[in-house]
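Beneath this line is the structure, given in C-alpha cells, with notes to follow.
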Amino acid sequence: MAEQTLSHLLHEDRRFPPSEQVRAHANGTAELYEQADADFEGFWAARAREYVAWDTDFTQVLDWSDAPFARWFADGRLNASYNCVDRHVEAGNGDRVAIHFVGEPGDTRDITYADLQTKVAQCANALADLGVGTGDVVMIYLPMIPEAAIAMLACARLGAPHSVVFGGFSADALRSRINDAHAKVVVTADAGYRRGKPSALKSAVDEAVSVEGSPISKVLVVNRCDTNVAWDDARDVWWHDAVDGAAGERAPEIVDAEHPLFILYTSGTTGKPKGILHTTGGYLTQAAYTNAVVHDLHPESDVYWCTADIGWVTGHSYVVYGPMANGATQVMYEGTPDSPHQGRWWEICQQYGVTILYTAPTAIRTFMKWGAQIPATYDLSAIRLLGSVGEPINPEAWMWYREHIGGGHAPVVDTWWQTETGGIMISPLPGITSLCPGSAQTAIPGIVADVVDDMAEPVDNGQSGYLVITKPWPAMLRGIWGDPQRYKDTYWARWEHLYFAGDGAKKDEDGNIWVLGRVDDVMNVSGHRLSTSEIESALVSHPAVAEAAVVGASDEMTGQAVAAFVILRAGAGDGRDEASLITELKAHVGKEIGAIAKPKSIMIVSELPKTRSGKIMRRLLRDVAENREVGDVTTLADSSVMDFIKNHIPAKA
Ligand code: PRX
C-alpha cells in the first residue's frame with residue numbers, strides 16, 4: 001500500500017551536498033563510518049565513553065550470547081540524571097539555560113542546569129517520600145511543562161523506571177498501562193493548556209486508578225491551570241507541597257548499565273499495547289551520540305527545539321535524555337502550533353533564536369497549507385539545521401521546509417527510527433552526506449541496516465523489500481515488559497538474527513533507503529502509531545457493533561487516517577439516525593483509547609470482505625477508503641460484498 005502511494009516519489013535526482021560552512025562546523029565525520037566498520041564494538045565503546053560519564057567504567061561492550069536479548073556495557077555503572085544534570089553543573093555550566101519554557105497562554109520560565117539540579121533532587125526526594133524506591137515504576141501523565149522532564153529525571157535519579165503516557169490518551173488507556181506496568185505512583189497535573197483552554201488530566205487519573213486492585217498508592221499533582229479537581233486526601237498530593245518543600249539535594253542512585261530506565265507503551269499489531277523496555281547505559285549513549293552528530297548539537301552555542309511531546313519516544317530521546325546528556329539549551333512549548341495564531345512556532349523561534357528544529361512531516365505539511373507568508377514575517381535567520389521524524393517526508397515538504405524555514409540553506413535530516421530502536425538509526429549526517437529530499441538515506445555510523453526480500457537476501461538497488469537491522473545496537477529495546485516471548489515473536493521470528501522493524505523500504509539507484517511505511521497492521525497517523533486491531537477492539541466494545549475492520553487510508557495532511565467499517569448488531573441501528581450513531585462510535589473510540597485514535601470515517605456495512613478462511617481483506621477496504629478501483633476480489637468468500645460496499649459509499653461520503 002505504502003509503496004503504491006509513494007512510488008511516484010522515488011525518482012528524486014536533486015542532491016544537496018554540504019556547504020563548506022556546514023562541513024566546517026559539523027560534529028559528524030567521515031571517519032566515524034570507517035571506525036564503526038573496522039571495529040564495531042570498539043566504536044560503541046568509544047561513543048559510550050565520549051558521551052556518557054560512568055561511575056564505574058565497563059569492561060565488556062556487547063553480550064549477545066542470549067540473543068535476541070542484548071546486554072551493552074553490562075558491568076558499567078552510572079546514573080542517567082547525573083549525566084543529564086549534575087555533571088553540567090560540576091563542569092561550570094550551572095548558569096546555562098536548560099529549558100526555555102513557553103506555556104500556551106504566554107507564561108515563560110527559564111530553567112538553568114543549576115535550577116534543574118535542585119528541582120530534580122526535590123522531586124526525587126518527594127517521590128521517595130511517597131514510597132518510590134529503586135525498581136518501582138512511576139507513571140507520568142503530564143502536559144508539556146518542565147515538570148514532565150523533571151519528573152522523568154527524578155525517577156532516573158532514584159533508579160525507578162518511568163512510564164510516560166501521552167496526555168491525549170484516555171482514562172481506560174492509562175489504566176491498562178498502569179496495570180500492565182504495576183506502577184506505584186502517578187505524576188499528573190490538574191490539566192494542561194490546549195487551544196486556549198485547560199484540558200483535564202487529573203480526572204482521567206481518578207478514573208484510571210479508582211478501581212479495585214489498582215496498584216497506585218499515590219498521585220502527585222502539578223497545579224498547572226488552577227482548575228477544580230476532585231481530591232482524595234489519602235492518595236493525592238500537590239506537587240507544590242511535596243516537591244517545592246523537599247530538600248534540594250539527593251545523591252543519584254548508581255545503577256547497572258542494564259538497569260531499566262523506562263517503559264514506553266506503543267501500539268503493536270495485536271490489541272494490547274506493548275511496554276517497550278529501555279535500559280540505562282546503551283540507551284543514553286545512543287541518544288546523546290545521535291543528538292550530537294545527527295542534530296549537530298553544539299551545546300555552548302545552539303538553541304535546540306524538538307517539538308515532540310514527552311509522551312512519545314521522540315520526547316524521551318530528543319527532549320530529555322539526548323540533549324540534556326549533552327548539556328543543550330532547549331525550547332519547550334506546551335501548546336498547539338496555531339494557538340493563539342498560526343505563527344506561534346516562528347514567533348518562538350525568533351524570540352529565542354532557535355538554531356536547530358526537529359519536528360514531524362505532518363506539522364510541516366500543515367504549515368505548507370497555512371502558507372509560506374506566515375513564517376516569512378518572522379526572523380528565522382538563526383536556524384541552521386532542520387530535522388524530520390515519525391513518518392516519510394515527501395520531497396515537496398522537504399523542499400518547503402528547507403526553503404521557507406531553513407532559509408534555503410539549512411540541511412534537512414530525515415531521521416528514521418522507532419520506539420523500539422530508542423535512538424536514530426537511519427539518517428544523513430549534516431556536513432557529510434549529500435542530501436536527497438524524501439529519503440532517510442543511510443544507516444548512521446554504528447548501525448547496520450538493510451532492505452531484504454522474503455528470503456532475507458538483501459535486495460538490489462532499485463528494489464523494495466523489508467527494512468531490517470542486522471546487528472544489535474546500544475539503544476535497542478531490551479524486551480516487552482513482562483512478555484519475553486512476545487518480544488521474540490514480534491521482532492526476531494521472521495528471520496533469525498535479523499531485527500524486523502515492520503516497515504517496507506526501497507533502495508534507490510544510489511543505495512539510499514526510502515522508508516515506505518508499515519507493512520503490518522500498524523497505522524501512522526500524524527506520526528503517531530496506532531494499531532488497527534486496537535481500534536477494532538474499541539469499536540466492538542460498543543454495544544451497537546458486532547464486527548469492525550479498520551484500515552489506514554492515505555491522507556494528504558496526516559500521512560494516514562483511520563478509516564473504519566462496522567457491522568451493527570441486529571436491531572442496533574433500528575430507528576437511529578446513522579450520522580448520530582457514527583458520531584457516537586467515534587466518541588466511543590476516543591473514550592476507549594484517546595482522541596488521536598478516533599476514526600476519520602466510519603462506514604456502516606452489512607458484510608465485510610473476507611477470504612474463505614475468514615480473514616478480513618483489508619487491502620480491499622483500503623482501496624475503498626482511498627477511492628481507488630477495488631483490486632482483485634477472486635479470493636473473497638462472497639465477491640458481491642465489495643459491490644455492496646462500493647455502491648454504499650456515495651450515500652456516506
Ligand atoms: O513506520 C516508521 C515510522 O514510524 C514508525 C515508528 O513509530 P514510533 O515508534 O511511534 O516512533 C516514531 C518516532 C521515532 C516506524 O516504524 N517512521 C519513523 N520515522 C520515520 C518513519 N517513516 C519514514 N521516515 C521516517 N523518518
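In listed order, ligands and their atoms are each counted from 1.
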Can you tell which part of Glu391 has a heavy atom less than 4.0 Å from ligand 1: side chain, backbone, both or neither?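 The backbone, only.
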
Heavy-atom distances under 4.0 Å decide this one: backbone, side chain, both or neither, for Asn524 against ligand 1?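 Asn524 to ligand 1: side-chain contact only, backbone stays beyond 4.0 Å.
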
What residue and atom, counting heavy atoms only, is the protein's closest point to [atom], and at what distance?
{"atom": "atom 1 (O) of ligand 1", "value": "Asp503 OD1, 2.6 Å"}
{"atom": "atom 7 (O) of ligand 1", "value": "Arg529 CD, 3.1 Å"}
{"atom": "atom 9 (O) of ligand 1", "value": "Thr419 OG1, 2.5 Å"}

Of the listed options (Pro392, Ala308, Ser317, Gly527), which comes nearest to atom 23 (C) of ligand 1 when hydrogens are ignored and any heavy atom counts?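 Of the listed residues, Pro392 has the closest heavy atom.
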
Which option, Ala440, Gly390, Gly502, owns the non-hydrogen atom nearest atom 19 (N) of ligand 1?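 Checking each option, the heavy atom nearest atom 19 (N) of ligand 1 is found in Gly390.
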
Is there side-chain contact between [X] and [Y], with heavy atoms separated by less than 4.5 Å?
{"X": "Glu12", "Y": "Trp514", "value": "yes"}
{"X": "Ile593", "Y": "Glu534", "value": "yes"}
{"X": "Gln286", "Y": "Met476", "value": "no"}

Looking at ligand 1, does any of its N/O atoms fall within less than 3.5 Å of an N/O of Ser388? no

For ligand 1, find out whether one of its N or O atoms is nearer than 3.5 Å to an N or O atom of Thr314. no

Atoms in ligand 1 flagged as close to [X], the criterion being non-hydrogen separation under 4.0 Å:
{"X": "Asp414", "answer": "25 (C), 26 (N)"}
{"X": "Val389", "answer": "13 (C), 14 (C)"}
{"X": "Val515", "answer": "22 (N), 23 (C)"}

More than 12 heavy atoms of other residues, nucleotides or ligands under 6.0 Å from CZ of Arg344: is that the case?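 Check passes, neighbour count above 12.
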
In terms of relative ring orientation, are His295 and Tyr358 parallel, tilted or perpendicular, with 30° and 60° separating the classes?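 Aromatic pair His295/Tyr358 classed perpendicular.
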
Please determine which of Thr558, Thr366, Asp555 meets the side chain to side chain contact (heavy atoms under 4.5 Å, CB included) test together with Ser526.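 Only match with Ser526 under side chain to side chain contact (heavy atoms under 4.5 Å, CB included): Thr558.
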
Between Thr290 and Tyr318, is any side-chain donor less than 3.5 angstrom from a side-chain acceptor?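 Result is yes, a qualifying pair exists.
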
Check: Tyr265/Asp180 side-chain N/O donor and acceptor closer than 3.5 Å: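 The criterion, which ignores hydrogens and geometry beyond distance, is satisfied for Asp180 and Tyr265.
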
